[in-house]
Amino acid sequence: MVDPLPHTGLAGRAAEVATARPRPRRRVVRLQGHRAADRAYSVLTTAAAAAVPLLLLVIAVVVTMGAWPALRQFGLGFLTSSDWDPVRNVYGVAPAIYGTLVTSFLALLIATPLAVGAAVFLTEYSPEWLRRPAAFLIDLLAAIPSVIFGLWAIFVLVPILREHVMPFLRDTLGLGATPFFSGPAYGPSLLAASLILAVMILPYISAVSREVLAAVPRSQREAALALGATQWEMIRSAVIPFARSGILGGVILGLGRALGETMAVTMVIGNRQEISASLFAPGYTLASAIANQFSEATGDLQLSALMAAGFVLFVVTLIVNAGARWLVWRTGRLAR
Amino acid sequence: MKATRLQLRRKLTGRIMGALAYLAAAAAVLPLLLVFGYLLLKGASSVNLDFFLHMPRPVGVPGGGMANAIIGTLMLVGVASLLGVPIGIGAGMYLAEHGNAPLATSVRFLADVLNGLPSIVIGIFAWQLLVRPVGHFSAAAGGIALGLMMIPTVTRTTEEMVLTVPTALREAALALGYARWRTALRIVLPTALGGVITGVLIAVARVAGETAPLLFTSLGNQFWSVSLTQPISAIPLQVFNYAISAYDELHAQAWAGAVVLIALVLVISLGARAVVGRGFARGND
């Protein structure tokens, strides 16, 4: 600072005091205001972020508590017993677990080749102009509410299965000799649930596959082509191996969706408590058992047994989702 | 001679695989066309003014509608947004600002896990926590259940969009003496607003079509109700109940409800896509 009156020094200090003093004070005040508001902002956003883990924890605790009476009463037998008898008050979810696994894996079996094939087509073969609209249409499947898939399945898919597909598989192809395609064709069945599930998880597997295929470095493709590979040989030997664990992640993500899908399955699976090898037979899944019985449950133990079914579903999907995220995340990191 | 045969085989394999990939893509699009086709075929004729203005009528009485379910869905989505949007945006801002802090890493991961949680589990959770202690079903419980489902989507899209705001903008504001909170709320968030709104709309479109979390929380209601403490109907609930009923008339109403529901969901999510082009399935993957 230039002293306006160098001789005295006093005046200079006075001027300094006059001009500069209020300034730091004002700044201090403002900084304090900033600091309080900044802290409030920081606390609020941190609280919002912390709400996510907290919410998962609370869900885990609440569902476990609700399931506890049934889990304590039946122990591991809850998972292996086929009894579901509100009169005798004994409950087991073996048929629901069986139905959940059968429908989910069959859905994966159908959806995975289609989803990955579609993703390969869109990233490798498709002409440029078709890419975005076709990807848009496949993605659009994921936006359709579950209950609409269920409605469509009840009135379109199930009648077609009953009138045409089931008799064709059983009689025309002679698959009725195997236990998997035998028995009367009612319509609502494990098969119907698997098919609608396949349609519903397809966009998820396809979206993840497309993303990881697109993330394969150019150099990989060019190296394969430079070695004389045809386009398909390049895809098979350079692109797919690179994207494999990411695609697997997408498939497992689809599995997570299939395991917990409720409405569409409840509407077409027939909701019967039995284990049948035939895909034509009606069945149950964990989610459809809850949806179907919860509001009509009569006793506390039955409610708790349904909560316990939810608990099993919670644990299984937690593990499946965590695994899927890890695989996708790892592929993303490899590609970088 | 041998070489050419090998070349031929390689070429042929390539062609076959290309054709298979093409067929897979066609097969993947087919269900969408089938579902939309049947919705228009069976539902469009039942959608009329009565459907929006009238209450459900007993089987045999013509002219019934879903006015109660439409207002119910709007209210449930409103409650859900009040809960899910502020928490989601706050958490998203936190993630964008804290990069790889331990809490941020785990929140990011757990938000994805939460997003994959079956909606029926959210339903029984909300029942146990909000319905059982109170002793009756309520619109509030249903709205809260849907709101919880919105949090992960809003969180992850907010983070993604806030990260696209140039660092220089943030630094310029801070250099001019703007406080951190003011920089975040007055500079960063408005710049990213289009993307953030997209995330909110995607989340809204998703929960608007949810049925499972409402089965044991808002339950459904045959009568007009706008009370948060009473059971309330919703379009997906009504579609479900009508679809599994035994009457053709109700089936027609279910198709009409499905058309209205899908129109609602598509308008919201296409609007979201118009703001920022992104996939539905990618929501927050």
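Note that the structure is predicted; figures quoted are calculated from it, not measured. When reading the values below, keep in mind they use all heavy atoms of this one structure, side chains included, and skip hydrogens, waters and symmetry mates. Chain naming here is simple, since letters A, B, ... match the order of the sequence lines and numbering starts at 1 in each.
Between the CZ atom of Arg180(B) and the OG atom of Ser42(A) there is a distance of 7.5 Å, given to the nearest 0.5 Å. For the atom pair OG1 (Thr230(A)) and CZ (Arg9(B)), the distance works out to 11.5 Å, reported to the nearest 0.5 Å.
Inter-residue side-chain proximity for Leu44(A) and Trp181(B) is flagged as unmet; no heavy-atom pair is nearer than 4.5 Å. Within the 4.5 Å cutoff, the side chain of Ile138(A) has no heavy atoms near those of the Leu32(B) side chain. A heavy-atom distance below 4.5 Å is not found between the side chains of Phe294(A) and Ile120(B). Looking at heavy atoms from C-beta onward, Asp112(B) lies out of side-chain contact with Asn321(A) at the 4.5 angstrom threshold.
Annotation: salt bridge (charged side-chain N to carboxylate O under 4.0 Å, His left out) contacts of Arg186(B) (sequence neighbours excluded): none.
Heavy-atom distances place no part of Tyr242(B) under 4.5 Å from chain A, backbone and side chain included. For Leu157(A), no part lies under 4.5 angstrom from a heavy atom of chain B. Contacts between Ile122(B) and chain A at a heavy-atom distance below 4.5 Å involve the side chain alone, from C-beta outward. Only the side chain of Arg132(B) comes within less than 4.5 Å of a heavy atom in chain A; its backbone stays farther off. Contact annotation for Thr262(A): only side-chain heavy atoms (C-beta onward) come within less than 4.5 Å of a heavy atom of chain B. Residue Leu39(B) touches chain A through its side chain alone, counting heavy-atom pairs closer than 4.5 Å. Only the side chain of Leu215(B) comes within less than 4.5 Å of a heavy atom in chain A; its backbone stays farther off. The contact between Tyr22(B) and chain A is made by backbone and side chain atoms together, counting heavy-atom distances below 4.5 Å. Interface remark: Glu210(B) contributes no atoms to any contact with chain A (heavy atom separation under 4.5 Å). Only the backbone of Ala229(A) has a heavy atom closer than 4.5 Å to any heavy atom of chain B. With a 4.5 angstrom heavy-atom cutoff, Leu114(A) touches chain B via backbone and side-chain atoms both.
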Exercise for review: Run the numbers on Phe155(A) and Trp255(B) for side-chain contact (heavy atoms from CB on, under 4.5 Å), then give the verdict.
Suggested key: CA-CA 10 Å; Phe155(A) 294 109; Trp255(B) 282 102; 3.7 Å; yes
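Counting heavy-atom pairs under 4.5 Å between each of Glu233(A), Arg236(A), Gln231(A) and chain B puts Glu233(A) at the top. Options Ala179(B), Ala205(B), Ser119(B) differ in how many heavy-atom pairs under 4.5 Å they form with chain A, and the most are formed by Ala179(B).
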Could you pull out all donor-acceptor pairs under 3.5 Å where a side-chain atom in residues 47-63 of chain A meets a protein atom, sequence neighbours excluded?
none

